[in-house]
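What follows is a set of notes on a single structure, which appears directly below.
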Amino acid sequence: GSILLYIATGALLLGGCAALGALPWAAFLAFVPSLLRACWTLWRTPVHIPIKTVGLLEFAQSFLFALLLIATVTATAK
């Protein structure tokens, strides 16, 4: 319930920023890994994950997000 509202709100905010020209439409690609991870978390069987693994997964997702966002913004700015 609440995670779906969170995802929908993020998509609306991102769409609004893109519509106003603050972000390129391609910036949606940077959010795909987060969306996939949220969906995976919602529909998988709950398991115990060591905290170190959680931290590494969060770091990897944040790094991928940053790379994709920088790539889309710089590609559309040229």
Side-chain angles (χ1 to χ4, degrees):
S2 63
I3 188 105
L4 295 177
L5 179 61
Y6 172 77
I7 292 169
T9 302
L12 287 173
L13 287 172
L14 185 61
C17 287
L20 294 172
L23 283 174
W25 285 102
F28 274 104
L29 294 175
F31 290 87
V32 170
S34 297
L35 178 62
L36 293 175
R37 187 173 143 292
C39 292
W40 175 70
T41 301
L42 279 175
W43 287 289
R44 72 179 171 91
T45 304
V47 295
H48 173 72
I49 301 175
I51 193 70
K52 185 175 181 179
T53 302
V54 171
L56 290 173
L57 288 172
E58 289 296 323
F59 173 77
Q61 179 185 339
S62 297
F63 187 74
L64 182 59
F65 171 79
L67 287 178
L68 289 170
L69 189 59
I70 290 168
T72 58
V73 170
T74 55
T76 56
K78 294 180 180 179

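Source: prediction; values computed, not measured. Only this structure's heavy atoms are used, side chains among them; waters, hydrogens and symmetry mates stay out.
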Is there a path of hydrophobic side-chain contacts, each under 4.5 Å between heavy atoms of I/L/V/M/F/W/Y residues, joining F31 to V73?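 V73 and F31: one cluster.
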Tell me whether L14 shares a hydrophobic cluster with L29, the cluster being built from Ile, Leu, Val, Met, Phe, Trp, Tyr side chains joined at under 4.5 Å. no
Identify the residue among L68, L69, L67 that makes a side-chain contact (heavy atoms from CB on, under 4.5 Å) with F65.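 Answer after filtering L68, L69, L67: L69.
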Once you round to the nearest 0.5 Å, how far does CG of L56 lie from CD1 of I51?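 Separation between the atoms: 10.5 Å.
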Can you tell me how far apart CG (L57) and OG (S62) are? Round to the nearest 0.5 Å.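 These two atoms lie 10.5 Å from each other.
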